[in-house]
Amino acid sequence: MLCLGQEVNYEESRVPSYELPDVLRTESGHQVRSVADWERIRRPELLDVFSETMYGRTPREHIPVRYRVIKENKNALEGKATMRQVELRFEKNGKTLRTLLLLMLPNAVKKDIPMFIGYNFKGNHSTINDTSIVYSENFKLVRAPDHSDWQPGVQASRWDYHRIIDRGYGVATMCYHDMYPDKEGFKEHSAAALFSDFRSAEDAGDYWQAIGVWAWGSSRIVDYLETCDELDKNAFILVGHSRQGKAALWAGAQDPRFSMVIANNSGSGGAALSKREFGERIAIVSSIKPHWFAKNLDAYHDKEQDMPFDQHMLIALMAPRPVYVGSAEKDLWADPRGEYLAAYHASPVYQLYGKIGLKDPYPPAVHDPIYQDIGYHLRAGIHDLNSYDWFCFLNFADRHFRDKK
Ligand code: GCU
């Protein structure tokens with residue numbers, strides 16, 4: 001395949017020899033041997049590297065928000081779940097952003113409900129065949145011209161609510177366009193537009209872009225969930241597929257309230273190691289969607305070997321919280337092996353905490369999941385999020401939130 005004049009490599013034998021920067025070596029050359037040094041020196045250094053070079057800097061300005069439950073159905077999923085639709089209305093600098101959160105809560109669990117939190121791609125209505133779901137303003141802005149994405153349940157296969165609810169977990173999902181419409185020319189309608197530096201700072205190389213805003217938005221979802229009495233505040237599980245897998249890792253790196261982070265098929269700029277130059281490369285991912293990454297990343301187009309960091313360092317920023325990487329066998333664009341290796345090379349930081357990362361430098365076989373403090377599976381099939389993925393995520397979550405109680 002040719003893309004942006006670049007031939008895409010899918011041959012393992014053509015992966016260049018590369019050297020990964022040591023996750024435990026500080027910029028001044030000091031070898032980190034304690035949790036204290038990791039947390040005091042190295043962790044902040046790495047957060048700064050990813051802010052400066054890859055995702056841009058998340059502004060600290062507070063954006064006031066109001067919450068309003070707009071619909072509730074206590075008999076969803078054949079009486080098994082309560083479905084609640086909540087408006088999160090952000091207001092600042094004379095601008096308003098209305099976003100819609102869909103909650104699905106198991107009726108059988110009365111308190112301490114562990115929650116999966118994740119964006120959907122095609123609207124809350126796409127996650128379930130139910131005509132009571134409200135369409136958000138931003139979804140209406142970017143919807144397909146032929147309205148093919150208006151159909152309730154068009155992506156229900158990605159949201160296995162029955163399985164999740166039966167296992168006693170809840171879900172909070174929002175359409176990712178609500179926080180930042182993923183279409184050229186709609187930045188005015190993103191959460192970034194509420195901030196005082198919108199426009200004045202946008203030319204800066206480290207100015208945040210869509211992935212940064214989606215990450216910020218998932219933290220705002222947590223702000224709301226923290227106000228809900230029935231939820232377990234120590235079991236907020238962030239899950240993201242593909243471009244949202246990239247955003248999930250970045251959100252988890254910045255916000256410790258995510259007790260677990262799952263990146264599914266996240267690929268380039270997500271879990272996959274850039275220096276392998278396999279499948280989608282930095283020049284491609286930061287050009288096909290120029291509004292995803294900070295402009296500073298452009299300096300590394302075709303120069304992955306010059307990058308002073310790689311994605312194992314991003315995964316390491318979750319430590320000591322459990323982190324899970326999901327790959328798919330035929331998803332070569334996302335480099336499944338590179339996704340595994342990044343998780344593997346994050347392991348030394350988990351070891352520092354006495355946790356167990358990935359022990360084997362070779363990925364496991366298809367459908368042979370690993371559930372340590374770092375988890376991983378390779379699913380059969382193509383780039384997608386399906387019931388098998390949820391089955392593994394639930395097992396991993398049980399291992400950490402249930403078996404340890
Ligand atoms: C494109 C892009 C990937 C991304 C994917 C998705 O394929 O190249 O980097 O992960 O879209 O989000 O679906």
Side-chain angles (χ1 to χ4, degrees), residues 1-10 50 54-56 118-123 126-127 139 142 144 149 154-155 157-159 173-184 209-215 217-218 238-252 261-294 297-298 300-302 304 307 310-311 314-315 324-340 342-343 378-379 381-386 389:
M1 181 207 251
L2 286 176
C3 196
L4 300 171
Q6 223 181 30
E7 200 186 330
V8 176
N9 177 38
Y10 292 124
F50 283 103
M54 192 164 238
Y55 306 109
Y119 289 108
N120 60 72
F121 284 64
K122 297 201 167 178
S126 71
T127 68
F139 169 76
V142 300
D149 51 8
V154 280
Q155 289 207 319
S157 65
R158 287 192 171 178
W159 298 88
T173 186
M174 177 184 284
C175 178
Y176 80 134
H177 296 300
D178 283 15
M179 282 293 170
Y180 196 115
D182 197 8
K183 210 171 180 180
E184 208 65 49
Q209 304 288 343
I211 291 179
V213 178
W214 291 322
S218 28
L238 182 60
V239 55
H241 169 64
S242 208
R243 67 201 71 177
Q244 288 312 324
K246 310 180 207 297
L249 290 172
W250 182 226
V261 178
I262 301 172
N264 194 60
N265 301 183
S266 58
S268 184
L273 289 177
S274 308
K275 290 182 190 290
R276 278 173 45 83
E277 301 181 9
F278 186 103
E280 182 175 35
R281 291 181 55 184
I282 290 295
I284 303 173
V285 73
S286 61
S287 309
I288 51 163
K289 296 278 191 172
H291 60 272
W292 282 3
F293 292 92
L297 192 61
D298 295 355
Y300 295 105
H301 286 187
D302 297 325
E304 283 88 343
M307 290 171 79
D310 211 329
Q311 301 307 101
L314 180 66
I315 295 175
Y324 196 93
V325 172
S327 300
E329 194 185 15
K330 294 199 172 138
D331 187 18
L332 295 183
W333 183 243
D335 187 13
R337 185 179 285 254
E339 292 176 325
Y340 177 84
L378 179 64
R379 172 176 49 72
I382 59 165
H383 187 75
D384 199 3
L385 171 63
N386 69 18
D389 298 312

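In this chain, numbering begins with 1 at the start of the sequence shown. Just follow the structure's listing: the first ligand is 1, and inside any ligand the first atom is 1.
- Summary of contacts: the protein heavy atom closest to atom 11 (O) of ligand 1 is Arg243 NH2, 3.3 Å.
- Under the ring pair (Phe, Tyr, Trp, His ring centres under 6.0 Å) test applied with Tyr176, the options Phe139, Trp292, Phe121 reduce to a single match, Phe121.
- Considering all non-hydrogen atoms of both residues, Asp310 and Ala272 come closest at OD1-O, 4.2 Å.
- In this structure, Lys183 contributes its side chain and His177 its backbone to no donor-acceptor pair below 3.5 Å.
- Although no hydrogens or angles enter the test, the distance criterion places no donor-acceptor pair under 3.5 Å between the side chain of Gln311 and the main chain of Leu273.
- For ligand 1, the atoms lying closer than 4.0 Å to a non-hydrogen atom of His383 are 13 (O).
- Remark: minimum distance from atom 5 (C) of ligand 1 to any protein heavy atom is reached at Ser242 OG, 3.1 Å.
- The part of Lys246 lying near ligand 1 is the side chain, judged by heavy-atom distances below 4.0 Å.
- A donor-acceptor pair is defined here as one N or O able to donate and one able to accept, closer than 3.5 Å; such a pair exists between the side chain of Tyr55 and the backbone of Gly269.
- Checking side-chain atoms of Lys246 against main-chain N and O of Gly267 turns up no donor-acceptor pair under 3.5 Å.
- Ring planes of Tyr180 and Trp214: perpendicular class, angle over 60° (limits at 30 and 60°).
- Nearest protein neighbour of atom 7 (O) of ligand 1, counting heavy atoms only, is Trp333 NE1, 3.2 Å.
- The shortest separation from a heavy atom of Lys289 to ligand 1 is not under 4.0 Å, leaving the residue out of contact.
- Residue, atom and distance of the protein heavy atom nearest to atom 8 (O) of ligand 1 are Glu280 OE2, 2.5 Å.
- Any N or O atom pair closer than 3.5 Å counts here, and Ser266 shares no such pair with ligand 1.
- Which parts of ligand 1 touch Val285 is read off a 4.0 Å heavy-atom cut-off, strictly below it: atoms 9 (O).
- Residue Ile288 touches ligand 1 through its side chain alone, judged by heavy-atom distances below 4.0 Å.
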